[in-house]
Amino acid sequence: MNYRALVIMTLLSSLLVTNIYAKESPIITAPTIWKHHRLGRVHPRMAVTSRFVILNRDNITVECIDLHTGDEKWRFNSPAKLRWPSLHDGDRSYGILCGWNYVYVTTMDGALRAIYLETGKEKWLYKPKAPITTPPIATDNTLFVQSAEGRIHAVEGRTGKKLWTARTKNRPITPLLASGNLLLFGTSPAFIYAVDGSTGTKRWKRRLKTGTPRYAPVVAPGRFAWPTSSGYLNVIERSNGKTVAAVKMNAPPLPGAILVGTRILLSTTTGYLLSVDLMEGKERWRRRVHKKRRRKLFTRTAQLYNFRAAEELTAVVSLDDHLLLLLDTNSGKVHWERRYQGDMSLPPLLWGNKVFIGTAKRSLICLNKKGEVIWQTRARSPIVTAPIVDSDGVIYFVTANGFLQAVRVEPFLE
């Protein structure tokens, strides 16, 4: 009797558990639209246009994939290694530049090249006497690059024709940033410059009292923020370059600052995330999001931890802690945190009020504002690139075994 009762109780409990889970909403597994194989080693950064996905293979080959079919459109074998953008795409000056139906790349032989998106053929080349040392940035009709002797070069985007060159007394040490008709950059030991983008003439020059400028500035209406190596964030008037506030961060900054409204979000080498209001020139909140420090700082800063923000939400990935956190952008309050085994792809993708992240267990997962996993898809090996999304609701990512995968997720975000 005891044995029969035990069996009956086990069956009843299993049915009860089944019914409980049946009431929960299942996790959706999204279908893959297409896969493109045999990519080999791929740079973590990709670019998406209205028709193509652009990849960098082995720092020597640019590859173009058709957005709708996954077929290879063309390959461009560069005559020299590509000077490809860095990983931290919060800094706009490091974005992969596509425009006017071209892809623009700089190469280690000191040249700027324009690759035609339709055919993959090199349409023009601009190579000054001193080698170009930075990826290009652009305004509405002009490309800008820096060369080794400290000159800024303005080039017509469609033809490669030189428009002007300008040289400052101090050599630039930060990337160029185009803000309207101004080019902003920092030089050693502690100067910041604004140059007219149409003529190359100097608008203003200022010396910072808080140290050497780091990275490119973050621009807000009428003002911009510039972090320094000594651990200060300078809030500066755009019109005249005067510093209106210097917020102490207590540690050097990391790359990838983001502007949300009038507030800048930036991170420090000690693991803190800060929010500073640029109109008030005051810190709003700070929170420590990275605790472990096993990896050497400044050697893997782009892979230590990273974040993305959109409106009221901020998603943070901390690799050493293996944590994914969702914060309230206005208050810094933690909505939730989830721990995973192994590394996650960087940076996370924050789209609307959903967070997408690639995990070491070969999954791309989608979490909602409550931290619930509502969507996932499996890959054949770990995801090695940050996921990106196009306007049609398709996410693209590359796996360690060389697959570029496209997954439609837009129907699951309603």
Contact between F224 and L182 at the side-chain level, heavy atoms closer than 4.5 Å - yes or no?
no
Hey, what do you get for CD1 (I65) to CD (E72), rounding to the nearest 0.5 Å?
5.5 Å
So, do L350 and F307 sit near enough that their side-chain heavy atoms are less than 4.5 Å apart?
no
If I take atom NE2 from residue H290 and atom CG from residue L273, how far apart are they, to the nearest 0.5 angstrom?
13.0 Å
For the backbone of L117 and the side chain of W74, can you confirm whether one donor and one acceptor N or O come within less than 3.5 Å of each other?
yes
Testing the basics here: between P213 and W226, what is the closest heavy-atom pair and its distance to 0.1 Å?
CB-NE1, 3.6 Å
For K35, does the NZ atom have more than 12 heavy-atom neighbours from other residues, nucleotides or ligands under 6.0 Å away?
yes
What heavy-atom pair brings A130 and A148 nearest, and what distance separates the two atoms?
CB-N, 4.2 Å
Could you pull out the closest heavy-atom pair between Y272 and R286, with the gap in Å?
CD2-CD, 4.2 Å
Just do the side-chain contact (heavy atoms from CB on, under 4.5 Å) check on V219 and L259 with the steps written out, would you?
CA-CA 8 Å; V219 178; L259 186 72; over 6 Å; no
Determine, for R203 against D196, whether the closest basic-nitrogen to carboxylate-oxygen distance falls under 4.0 angstrom.
yes
Can you tell whether the side chains of R151 and E149 come within less than 4.0 Å, N to carboxylate O?
yes
Tell me whether the NZ or CZ atom of K202 lies within the 45° cone about the ring axis of Y193 and under 6.0 Å from its centre.
no
Reported CG-to-CH2 distance for the pair D328 and W285, which is rounded to 0.5 angstrom
8.5 Å
Check whether any side-chain heavy atom of T359 lies under 4.5 Å from a side-chain heavy atom of I383, and answer yes or no.
no
Heavy-atom donor-acceptor pair, S78 side chain to T61 backbone, under 3.5 Å
no
With no hydrogens and no angle check, do the side chains of N181 and S198 hold a donor and an acceptor under 3.5 Å apart?
yes
Heavy-atom side-chain proximity of L327 to V316 below 4.5 angstrom
yes
List the steps, then state whether side-chain contact (heavy atoms from CB on, under 4.5 Å) holds for I60 with N77.
CA-CA 6 Å; I60 198 73; N77 295 313; 5.7 Å; no
Take a 6.0 Å sphere around CD of E118 and say whether it holds more than 12 heavy atoms from other residues, nucleotides or ligands.
yes
Which value, rounded to the nearest 0.5 Å, describes the distance between N330 atom CG and L313 atom CG?
9.5 Å
Heavy-atom check, side chain of K127 versus side chain of D109, under 4.5 Å
yes
All heavy atoms of T107 vs all of R113, minimum pair found to be OG1-NH1, 2.6 Å
Apply side-chain contact (heavy atoms from CB on, under 4.5 Å) to K354 and N368, showing your working.
CA-CA 5 Å; K354 304 294 190 300; N368 62 15; 4.2 Å; yes
Main chain of L112, side chain of W124: is a donor-acceptor contact present, judged purely on distance under 3.5 Å?
no
What verdict does the side-chain contact (heavy atoms from CB on, under 4.5 Å) test give for R158 and N101, after you've listed the backbone C-alpha separation in whole Å, the side-chain angles of each residue and the deciding distance to 0.1 Å?
CA-CA 9 Å; R158 293 179 176 84; N101 212 24; over 6 Å; no
Compare all side-chain heavy atoms of Q146 with those of F185 and state whether any distance is below 4.5 angstrom.
yes
E312 atom CD, over 12 foreign heavy atoms within 6.0 Å:
no
Look only at the side chain of T228 and the backbone of G211, and say whether a donor-acceptor pair between them is shorter than 3.5 Å.
no
Residues which pass side-chain contact (heavy atoms from CB on, under 4.5 Å) with A138, listed by chain and number, not counting sequence neighbours
L97, W100, L143
Would one find more than 12 heavy atoms of other residues, nucleotides or ligands at under 6.0 Å from atom OH of Y126?
yes
Sidechain-backbone polar pair: R238 side chain, P221 backbone, donor-acceptor under 3.5 Å:
no
The reported gap from NZ in K73 to CZ in F52 (rounded to nearest 0.5 angstrom) is 5.0 Å
So I388 and L349, do their side chains get closer than 4.5 Å, heavy atoms only?
no
Got a second to check how far N353's CG is from H335's NE2, nearest 0.5 Å?
10.5 Å
Sequence neighbours excluded, the answer for side-chain contact (heavy atoms from CB on, under 4.5 Å) partners of T243 is L208, N234, I236
Residues I137 and A178: closest non-hydrogen pair is CD1-N, 3.6 Å
Look only at the side chain of H36 and the backbone of G70, and say whether a donor-acceptor pair between them is shorter than 3.5 Å.
yes
Taking T270 for the side chain and A251 for the main chain, is one N or O donor matched with an acceptor at less than 3.5 Å?
no
Shortest non-hydrogen separation from T269 to P253 and the atoms involved
CG2-O, 4.3 Å
Whether R214 side chain and G231 backbone form a donor-acceptor pair below 3.5 Å:
no
Could you check if a side-chain atom of V394 sits within less than 4.5 angstrom of a side-chain atom of V48, using non-hydrogen atoms only?
no
Verify, without hydrogens or angle tests, whether Y104 (side chain) and G157 (backbone) share a donor-acceptor contact under 3.5 angstrom.
yes
